[in-house]
Amino acid sequence: MSIFSSLFTRKKNKNKGKPTEEELFKQQDIPKQYYSQVEKNKKLLEELFKGTFDFKCEPIKIGGHKAYLTYLSTMTDKNELSNRVIQVATNHPTGISFNNMIEMRELYFPSVDFKVAENFHRVVWAVLNGEALIMVDGFNEALSLGIGLPEQRAISEPSTQTIIRGPKDGFVEGLPVNILLVRKRLKNPRLKFEIYQMGRDSKTNVALGYINDIANEDLLKEVRERLNKIDVGALLDSGNVEEFIVDKTITPFPLVYNTERPDSICGHLLEGKMAIFVDGSPFVLTVPTLFVDFFQASEDYYQPFIMSSFVRLVRYSSFMIALLFPSLYVAISTFHHELMPTQLLISVQAQREGVPFPAVIEIIIMELSFEVLREAGVRMPRVVGQTVSIVGALVIGQAAVEAGLVSNVLVIVVAFTAIASFVSPIYSFSIATRLLRFVVIFSAAFMGLYGVLLFLIIMVIHLVSLRSFGIPYLAPVAPFQPRNQDDVFVRVPIWLNKNRPSYLYPKSPVRSEENNQPSPPDQPVGGQK
Amino acid sequence: MKLKMALSILGCVIILTGCWDRIELNDVSIVTGLAVDEGENSKYRLTIEVVNASQFSKNQMGGEAAPALTFTLEGNTISELLHKMNIGITRRLIFSHTRVLYISEGIAKEGIIEFIDFLDRSGQFRNDFNIMITKGEKAEAFVKVTYPIQKVPSLKVHKQTQSFNREWGGDPGVRLTDFISALTSKGRNPVSATLVIKGDPKKGEKSENNMKTSVDTLVEMDGMAIFKDDRLIGYLTVDETRNYFWTQKLKTTSMSVPCSDDEKKPEDEKYMAVTVTETHNKLKVDFTNGKPVLKVKINGETRIEATQCLNDLTKIDTYKDFEEKINRYVAKDIQETIKKVQTEFGVDIFGFGDAFNRQHHKEYKKVENNWDEVFAQAEVEVDINLHLRRSGVRGKTFISEIPRE
Amino acid sequence: MKNILVEKLSLWQLFILIFIFEIGNAAVVSTGNDANQDAWIAIGLAMVFGMGLALMYYFMLSRLPGKNLFEIFQFCFGKWMGGLLTLLYILYFLYIASRVLRDFCELIVSFIFEETPIEFIAITMVIVIVYMLYLGLEVMGRTSEVFMPYFFSFIIIIGIAVFISGEMEFENLFPILGDGFKPVLKAVFPQLLTFPFGELIAFTMIIPYTSKFKKAKKITLLAVMASGIMLIYNAVLQITTLGVDMRARSNFPLLSSAREISLLEFIERVDLVVVFIVMFGIIIKVSVFFYGALKGLELISNRPYRMYVVPIGAIIAFISVKISDNFAEHIEEGLIVVPLFMHVPFQLLLPLMILPVLLWKTRKSKEGRK
Amino acid sequence: MVTFLFTFILMASIGVITMFDLYLYEETLLSILDANIFFEKGTSQWMLYVNLLFGFFYGMVVDYRFRKSKKSSKSS
């Protein structure tokens, strides 16, 4: 595509850059000045939050000072608030003086997360973030306390990536919980999380996680740069972030990996990748992403390596099947009859007798109806979901054949393709094959196997030209790196996999030096004589 | 925007140009057999046999119909005829699944080069069809004889030759490329298998033929035809064909070897049935006194399947004795066949010339152009070295244990 | 990390490119027919000479490291004379690229799509090639890395499959050197030496862009040897399966040999696998020549070569069809005219003429530096 | 520049194939040139000419854009 893009690109509108925090608040008509008279601030806030039922601004006394406690009642935990702030502030003896907010915090709320809001913008920000804000009369800064979160979905098994053996917890919608799930697994002081606020309206918290002594500096710089460039109205899911940070948007292949599984995120972090957590999304992104990542399920590492290697090969071949099977059927049955053995050809022809459509139309009808079924199955309320599958199986499968609209062979082809397309462990990747399948069917319908080959070559050229954060998308295969083949098509036992993938340029390339291959004891057990 | 433009250009290129070679399966007829006869008015009379695929589906529509259809046309070149066939039939023909090419005796005697070239040149025909010379009846009669198990006549013949070739070796196993390379080589002449119809060909056309347990009409293998260049000059019987095949690619066969070499007492003839399981054959041409001597050397393994002889098969001596008998028997057979070809036809169908070329290139160059004459006069030596390895799951035969009165 | 985005080929990629380039269409059209059953000996001999040629080209490049052939011309003969030579070479490269493309189109049109116009095949192929070259040399290297395993294993597997199918007759290889060395030499000079081995001249445009120029010599020689061995394997496969006569008569002997495969009554008629091999080989071969020409244009006009990819691609498609009216002309031109008037001067004579000038000039400059 | 080189190389390559045709066919120069430059109806060679036209226009557009960007870079 990019050949033509040079012809047709319009002049890029000059990037003025992302607006600063000040500009952003200016646009929304919010003043910056924070006054040392609390009443004034209170008035400003009340005006700003007029019509917000859950906005609370309650007078309290702290150490004899007049103060206001401001918060959004729906975003704070009532119990926490009363236990840790209100009771503490009111029960404390008066007369203990403090000079600034930090001192005050040390005296009254020693174990609570805090921030000092030195201007009005920060004050507003803190309130919106669900923090409890304390404005004390006579000070020209306020204290915001991060206290408990409102109720959240409990941690449950991830719904998109189920496994048989391995940890069954999945990310939820809250950022702190998600970070906790990763921290629990990697107790490493060098595991860092950087926080970013993004979105003009949503002000979503985005965390960039990495392990400092593994992740490559330059890569990290690149990721930070891209994250800083994001200027968007609202971030509702990590998918929004993904579209801002990919290297190339016109491609069916996902250039950013997403997962609901904390263990898989840990694995990626340990390889030297970075994870991007977005508040409000159970899907966590990792970058840079490679083609092979989409064929590695985390369960591979929990099952015996021979089995998981085999399963991995099955995955690769089912990717090819999902992509090519229908088009091969079209190509062979309309162009290359000689490729089928005689008996098979006769029986296929016998079944196609009386089918009124050409093979392409036939297969497109079936594929489309399958796509419709699939989409309906996802969107439908669970209760009626059953109906869809029954209708689908009966109408599309049986009845269409009986009515002579499609042939039996074709139903097998479509069904097998559909099943094969579900094998990929990451959903966003199987979408790519769904789309490309139609392209390749058309190509086969016009040019037979030659068309399929052309398509394959173009697809590989495209794949090869892709990069994710500067790392070639097909990395350990092309460019070929013999040392990194231990976890691509097959998986070697974990004790053999000593090096981190070098295409990520990790700071410390070695996982473990020692040879810890298991072996039977030298002496017979049980003192055999 | 740019993507749309790019896509639309690509789309235009593809759609404007369309698709040329597309044929839906519903629009083709699979040709499985071709039969060539002499035409009455023009040079050739061509009969094709196409599969009626709807007869092979589980839920047949429109009741019983013949499993295959034939259609006949006359003309001067085969290729034109093939394209003209739609004068009478509905669908386009595809030839990539052609299994058998039947050539009638008459055509074969006049020379078949002229249409073999078409088959060789065309990308559609494969190299996996049999070339068959039809004896007796016209070639077109052969594509009409049905058979209950394999309903398409040509598929039946193809399968038949394959199994016959593997089981016994009465089919020379000639394919198009073999035929052509034998034609072009000076040191070898082509051969091909022959067929006859047993029974009344008219009855064989009807599907009632398939209802009986013993079918009225049957197509049978009948040895092979010998060509001089591209003209048919004679036939060998099925047994001689096997002997011919011994010198070529024979892998397995079985035969009945008489227990005693004494031919004078035919009334108490006793045989042992011997199966050859593995052979390796080599042709050689040596010089003695300036004259080429044709040598056939065959190594292999055999086993005894049944025996009417009384010899004790647990003894080494018996094995040795039998081995010698088998070798002598085979050698005699092959020798006779080669002699027959030398004297009756005088053409080298065995490929001795090619072997000569490989072994003594310079001497061969001198006689290359009249090799067939040299071949006809040459001496033949057959060296058979078949080993008898085992004799089934029993040692002594029970026949020797039966108490005789 | 910063080096990632620079256009460089790794040594392994260079190896693969040369390997595929050499086998490319040479595996498909019948080569060395003059030598009859000794074609494989002729190929082996040509391989040795080809390695010598490769050494010479490398030697030229190594006198001025980092510069490609056209830059060497300019260095030796100044801007105008060098520019003229460059133009001649551009025409040569484009002509050969079109010729190679035509080879493939003929194969497709005569074997698979008998009714499809050859123009269509040519244009679609060029679209792929243009797309690849537009994305750059690196993409070409990596694409071939992806396809290399298939390319390699398919050629090997064809041989094994034919062997198992029992269609191979090793007797066809005898008598070895029955007519002496004469026919072999006749096959080597000039046909086999110039095609495929002499065509390595196109790599003088690529070798300077490898990441480790010093090791490129070894890799080039190794690749030429590997591809030579592969071609020998190929020739043996064809001769044993088809026989000498049949091979000589086949327009595309590898395809004809693959037709003989029949395994398990199911794996048969796999000639399309061969088409795949050829197709990828052709794409690489055309691309390498094309790239050479583009680099020349870049040098002449001082514009990035990507600007020329699409227009010149259109020319290649055009010329590849117009190059000859019919198959006979294509073959006759390829066997008689092109080796004599194009290959020999551009692969042998001109480089040999340039070599002394280059040596003299570089010696002077080196002394001057001292 | 791109357009110029495009036309030049097209001419030159037609020249090359014409030369070879002359060598092989022993026909007049004009008839060969005619066959090499134009096409007969009934063949699908029109595709090639569409293709060439596309290449030509592509070259023009590239040239135009290149010149414009050069100017703008100079002025700024």
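Order of the sequence lines sets the chain letters (A, B, ...), proteins ahead of strands, with each chain counted from 1.
In this structure, C/Trp12 and A/Phe480 have tilted ring planes: the angle between them lies in the 30° to 60° band.
The contact between A/His336 and chain C is made entirely by side chain atoms (from C-beta outward), counting heavy-atom distances below 4.5 Å. In this structure, chain A has heavy atoms under 4.5 Å from both the backbone and the side chain of C/Met125. Of the atoms belonging to A/Leu456, it is backbone heavy atoms, and not side-chain ones, that fall under 4.5 Å from chain C. Looking at C/Ile283, only its side chain comes within 4.5 Å of chain A, counting heavy atoms on both sides. For A/Ile458, the parts sitting under 4.5 Å from any heavy atom of chain C are the backbone and the side chain alike.
Remark: C/Phe147 CZ to A/Ile457 CD1 distance equals 5.0 Å, nearest 0.5 Å. The distance from the OH atom of C/Tyr131 to the OG atom of A/Ser465 is 5.0 Å, given to the nearest 0.5 Å. Remark: C/Thr116 OG1 to A/Phe446 CZ distance equals 12.5 Å, nearest 0.5 Å.
The number of heavy atoms from other shown groups lying within 6.0 Å of CZ (C/Phe213) is above 12.
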Let me see the working for C/Met279 and A/Leu454 under side-chain contact (heavy atoms from CB on, under 4.5 Å), right down to the final yes or no. CA-CA 9 Å; C/Met279 187 156 158; A/Leu454 273 186; 3.5 Å; yes
Going through the checks in order, is the side-chain contact (heavy atoms from CB on, under 4.5 Å) test met by C/Phe120 and A/Met447? CA-CA 10 Å; C/Phe120 179 70; A/Met447 294 174 276; 3.5 Å; yes
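Salt-bridge annotation for C/Glu138 and A/Arg467: present, with a side-chain N of the basic residue lying under 4.0 Å from a carboxylate O of the acidic one.
Between the side chain of A/Tyr450 and the main chain of C/Ile121, a donor-acceptor pair closer than 3.5 Å is present.
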